[in-house]
Amino acid sequence: MLDSTHLRRIAVIVGSNRRDSINRKLAQALVRLGAGKFDASFARIDDLPMYNQDNEGNLPPEVVRFKNELVRADGVLIVTPEHDRSMGKNSRTGKPAFITGTSPGAIGSALAQQHLRSVMTGLGMILLGGEAYVT
Ligand SMILES: Cc1cc2nc3c(=O)[nH]c(=O)nc-3n(C[C@H](O)[C@H](O)[C@H](O)COP(=O)(O)O)c2cc1C
């Protein structure tokens, strides 16, 4: 059973790197409200590189730091902005787009494609019909 006594250490991730981010301010206010109930630490994300499987054996120090911050935490609070109804900056509205992908597994990146489909719909992209999951 989870209760607040098990959630002492909260890693806070702010989904905006903007200097005057209102999401960072919201996160800081939430941390102030939680004073005495939990200990919060802000996990920095602005220096994280894009995921690259080649690095798995020798992770960049920023990634090691970030992972350790999450390992040490009992819980995570994510405070996210919304950009173009989604999580990223949009230069793609109205572009026709097709998604495909491959993986050694049986479903050939189907779930990642499903996530991406919903993000792209929010961006106003014209999703072409058909699906292609390559195993
Ligand atoms: C390119 C761009 C797209 C945005 N799209 C949305 C949106 O879809 N929904 C929304 O509520 N606010 C949107 N906003 C307003 C942001 O919520 C606002 O800029 C906010 O301050 C961003 O969060 P931050 O201050 O933590 O960086 C958008 C802002 C920009 C610059």
Side-chain angles (χ1 to χ4, degrees):
M1 206 29 197
L2 268 182
D3 63 54
S4 59
T5 58
H6 293 101
L7 295 172
R8 291 297 304 171
R9 289 166 306 208
I10 305 295
V12 183
I13 299 174
V14 178
S16 170
N17 296 325
R18 207 167 67 82
R19 192 183 51 239
D20 297 323
S21 166
I22 57 174
N23 284 278
R24 181 167 301 280
K25 288 175 183 160
L26 173 60
Q28 288 164 341
L30 292 172
V31 166
R32 278 198 298 276
L33 280 176
K37 300 193 185 84
F38 59 84
D39 299 321
S41 59
F42 283 75
R44 182 178 173 190
I45 61 168
D46 65 335
D47 59 350
L48 296 179
M50 185 177 249
Y51 177 73
N52 183 339
Q53 192 180 346
D54 289 342
N55 294 336
E56 283 289 355
N58 185 21
L59 292 175
E62 300 82 7
V63 175
V64 174
R65 184 206 65 223
F66 180 72
K67 286 166 85 74
N68 284 338
E69 284 168 342
L70 297 193
V71 168
R72 279 197 300 271
D74 301 313
V76 178
L77 170 65
I78 300 173
V79 186
T80 183
E82 178 174 274
H83 286 115
D84 295 303
R85 294 289 174 260
S86 182
M87 300 165 287
K89 197 167 190 306
N90 178 23
S91 309
R92 299 158 290 242
T93 301
K95 300 263 184 197
F98 185 79
I99 306 170
T100 187
T102 184
S103 84
I107 57 173
S109 77
L111 296 184
Q113 289 189 41
Q114 194 53 45
H115 284 308
L116 190 54
R117 198 173 294 283
S118 102
V119 170
M120 290 166 74
T121 304
L123 293 175
M125 300 187 77
I126 302 162
L127 283 180
L128 302 178
E131 296 163 56
Y133 311 118
V134 183
T135 299

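Positions are given from 1, in the same order as the sequence printed here. Every value quoted in this text rests on a predicted model; they were computed, and no experiment measured them.
With sequence neighbours excluded, no residue satisfies side-chain contact (heavy atoms from CB on, under 4.5 Å) with N58. Taking the side-chain contact (heavy atoms from CB on, under 4.5 Å) definition, one finds that P49 meets it with P60, V63, sequence neighbours left out. Scanning for salt bridge (Lys or Arg N to Asp or Glu O under 4.0 Å) contacts around E82 gives R85, with sequence neighbours left out. When the salt bridge (Lys or Arg N to Asp or Glu O under 4.0 Å) test is applied to D54, no partner is found at least two apart in sequence or on another chain. Remark: Q53 engages no residue in a side chain to side chain donor-acceptor pair (under 3.5 Å) (not counting sequence neighbours). Not counting sequence neighbours, R19 has no partner by the side-chain contact (heavy atoms from CB on, under 4.5 Å) test. Every residue two or more places apart in sequence or in another chain was checked for a side chain to side chain donor-acceptor pair (under 3.5 Å) with R18, and none qualifies. Every side-chain contact (heavy atoms from CB on, under 4.5 Å) that L70 has, sequence neighbours left out, goes to A11, I13, F66, V76.
Residue pairs meeting the side-chain hydrogen bond (donor to acceptor under 3.5 Å, both in side chains) criterion with at least one member in residues 60-72, sequence neighbours excluded: D47-R65.
Here I22 sits alone; no ILVMFWY side chain lies under 4.5 Å from its own, so it joins no hydrophobic cluster. Apart from V71 itself, the hydrophobic cluster it occupies contains nothing, where clustering links Ile, Leu, Val, Met, Phe, Trp and Tyr at side-chain heavy-atom distances under 4.5 Å.
With rounding to the nearest 0.5 angstrom, the CG atom of N23 is 12.0 Å from the CD1 atom of I78.
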Tabulate below the donor-acceptor pairs under 3.5 Å that side-chain atoms of residues 112-135 make, not counting sequence neighbours, or state none.
{"from": "Q113", "atom 1": "NE2", "to": "S109", "atom 2": "OG", "distance (Å)": "2.9"}
{"from": "Q113", "atom 1": "NE2", "to": "A132", "atom 2": "O", "distance (Å)": "3.1"}
{"from": "S118", "atom 1": "OG", "to": "H115", "atom 2": "O", "distance (Å)": "3.4"}
{"from": "T121", "atom 1": "OG1", "to": "R117", "atom 2": "O", "distance (Å)": "2.8"}
{"from": "E131", "atom 1": "OE1", "to": "Y133", "atom 2": "OH", "distance (Å)": "2.4"}
{"from": "T135", "atom 1": "OG1", "to": "A106", "atom 2": "O", "distance (Å)": "3.3"}

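Using a 4.5 Å cut-off between side-chain heavy atoms of Ile, Leu, Val, Met, Phe, Trp and Tyr, with links allowed through other members, F42 and I45 fall into different hydrophobic clusters. L48 and Y51 are not part of a single hydrophobic cluster, where members link through side-chain heavy atoms under 4.5 Å apart.
The pair R9-D74 meets the salt-bridge criterion, since a charged nitrogen lies less than 4.0 angstrom from a carboxylate oxygen.
Remark: the backbone N or O of A73 is not paired with any side-chain donor or acceptor of R8 at under 3.5 angstrom.
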